[in-house]
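The next block holds one structure in the form of structure tokens; read it before the comments.
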There are 2 protein chains.
Amino acid sequence: MKIATWNVNSVRTRINHICDWLTTNPDVDVLCLQETKVIDNDFPHAPFSDRGYQTYIYGQKSYNGVAMISRSPLENVQMGFASVLGKIAEPSLDDQKRLITAQLAGIQIVNMYVPNGSEVGGEKYEYKLRWLRLLKLYLQALLAQSPNVLICGDFNVAIADIDIYDPKNRETKVMATDIERDTLAEVLNLGFQDVFRKFEPEGGHFSWWDYRAGGFARNRGWRIDYHFLTAPLYERATACVIDKEPRKMPQPSDHTPVIVTL
Amino acid sequence: MKIATWNVNSVRTRINHICDWLTTNPDVDVLCLQETKVIDNDFPHAPFSDRGYQTYIYGQKSYNGVAMISRSPLENVQMGFASVLGKIAEPSLDDQKRLITAQLAGIQIVNMYVPNGSEVGGEKYEYKLRWLRLLKLYLQALLAQSPNVLICGDFNVAIADIDIYDPKNRETKVMATDIERDTLAEVLNLGFQDVFRKFEPEGGHFSWWDYRAGGFARNRGWRIDYHFLTAPLYERATACVIDKEPRKMPQPSDHTPVIVTL
DNA sequence: GGGACCGGGG
DNA sequence: CCCCGGTCCC
């Protein structure tokens, strides 16, 4: 089974890129999208259903939005924190549509778009940290039901220095501060491992390059898109690759897909 | 000699269409553009100079803007009413960049983008009529200097019922009212003839189709782009054609080129 | 419907 | 740098 994650930065703008990518990657079973940036009523279902995919969407206007595109029907699709946790202490953490989960073949797949955080120490940064803390409770609840949990998406955190083209002054950079790393580590310590690192110990592998200042041309990237797997899935995994091809196309997303093979 | 007029609805958005069109129409000597929608500092000169064309521009931010693209250098380029008339009674008629003229091989070529008028009877409609009245004085001044005057561009008036796909209720439609026609006729009565009609008496030939409601697919068009010629040039003319091909391309301008052969 | 600008977000 | 959503204009 192949599961992919891709922050597409608008599913409508990128629909042709996504369809072309599915055509050249027909063995991908589930594609997890982030930043669909579209309300559910306007989601382009037809391009996917025409190609034989099911679509599961959780969108909002303008910002955020996640979706799962699957060859086979998914089961028990749940959107947002509250759908899993019941009443949550800070309901505003579900205002932004960033989290969808479903089951396929005994695997609990969680697709997420972690808040970016904007500026270190700002209000959005604090929201990001609170979001990650609630994510821990959310995943605890899922882990209580299944040992096979895969979480993937745009985590907006480079978890190690080798995941940033230039980690200098990283404490000033959102996505790179110790507190973000530690807060995410608290989540991952529930029993999730970075499957990309099972196969690739070296740095210099990135999943996002800023549109500005020729980030991609100069390979000034960050690895912020991941698949984190619980032990049974981690053992099963036979590959995890970053596909840089879509980032080379005209008018690309700033992110590129990451694919895990189980 | 071939002279073309084309309202491109943004020269930057349409630059590839324009260059492709020049490549397939290498015998066009002068291309008059309207609605360049770009300030002079941002005009894309290079695509034209790379292909061996001179560029003469008179632009503004967002709206309006005209340009002349020529294989040979043009002479005595003048922008706006005041450059020809000196002080004008209503200087605001030069606030919008809609008028450029130059000479080539003894022909005075005038490239214009007549105000649209927005709604019949409104403030912009009145501005359009005043603009056309000043145009008459402007052309009188040019005619005093040369018998060979060609005026072309987007006139935003369908001069006869056969120039509208459906002339019903035309008194309510801007670009079709008698007062617009009469005001433009006052200009043309200085000695200009519609050279398209030298070769084509039938209706159903249009140069503009609204983007909305499938205007082009249903051929709901208007003929509002013209070449009007003084007698010596009118006699010389051997062809005048509307080239609908660019309007069939993806992401086209709503107007298509009109080419006169002298 | 499709340009352009602006302001917000990354 | 590029996306979105408003607003203006045609």
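Below, chains carry the letters A, B, ... as their sequence lines are ordered, and counting in each starts from 1.
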[X] and [Y] ion-paired at < 4.0 Å:
X: Glu90(A); Y: Arg130(A); answer: yes
X: Arg181(B); Y: Asp161(B); answer: yes
X: Asp194(A); Y: Arg223(A); answer: yes
X: Arg170(B); Y: Asp178(B); answer: yes
X: Asp154(B); Y: Arg98(B); answer: no

In whole angstroms, how far is the [atom2] atom of [N] from the [atom1] atom of [X]?
X: Tyr113(A); N: dG9(C); atom1: OH; atom2: P; answer: 12 Å
X: Lys37(A); N: dG9(C); atom1: NZ; atom2: P; answer: 12 Å
X: Asp42(B); N: dC5(C); atom1: CG; atom2: P; answer: 9 Å
X: Arg12(B); N: dA4(C); atom1: CZ; atom2: P; answer: 6 Å
X: Asn7(A); N: dG9(C); atom1: CG; atom2: C1'; answer: 13 Å
X: Gln251(B); N: dG3(C); atom1: CD; atom2: C1'; answer: 10 Å
X: Asn9(B); N: dA4(C); atom1: CG; atom2: P; answer: 7 Å

Trp208(A) and Trp222(A) aromatic ring geometry - parallel, tilted or perpendicular at 30°/60° bounds: perpendicular

Residue pair Tyr226(B) / Arg197(B), side-chain heavy-atom distance below 4.5 Å: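 Side chain of Tyr226(B) against side chain of Arg197(B), heavy atoms only: no contact under 4.5 Å found.
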
Nearest-nucleotide comparison on DNA chain D, the residue closer to the 5′ end among Ser10(A) and Gln96(B): Ser10(A)

First encountered from the 5' end of DNA chain D, between Ser62(A) and Asn64(B): Ser62(A)

Nucleic acid contacts - residues 211-221 of chain B versus DNA chain C, non-hydrogen atoms under 4.0 Å: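 Listed by number, they are Tyr211(B), Arg212(B).
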
Touch class at under 4.0 angstrom, heavy-atom based, for Ser118(A) against every strand present: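 The residue Ser118(A) makes sugar-phosphate contact but no base contact.
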
Sugar-phosphate, base or nothing in reach of Glu35(A), heavy atoms under 4.0 Å: nothing

Opening and closing nucleotides of DNA chain D in contact with chain B, under 4.0 Å to non-hydrogen atoms: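 Here the contact window of chain B covers dC8(D) to dC10(D).
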
Pairwise N/O distances under 3.5 Å, protein to nucleotides 6-8 of chain C:
residue: dC6(C); atom: OP1; partner: Lys61(B); partner atom: NZ; Å: 3.3

Close aromatic pair by centroid cut-off 6.0 Å: Phe155(B) and Phe228(B): yes

Evaluation steps, salt bridge (Lys or Arg N to Asp or Glu O under 4.0 Å), between Glu180(B) and Lys128(B): CA-CA 8 Å; Glu180(B) 289 165 273; Lys128(B) 176 182 193 170; 2.5 Å; yes

Residues, nucleotides or ligands: over 12 heavy atoms within 6.0 Å of Lys248(B) NZ: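 Yes.
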
Chi angles and distances behind the salt bridge (Lys or Arg N to Asp or Glu O under 4.0 Å) call for Glu186(A), Arg133(A): CA-CA 8 Å; Glu186(A) 279 287 307; Arg133(A) 289 184 201 114; over 6 Å; no

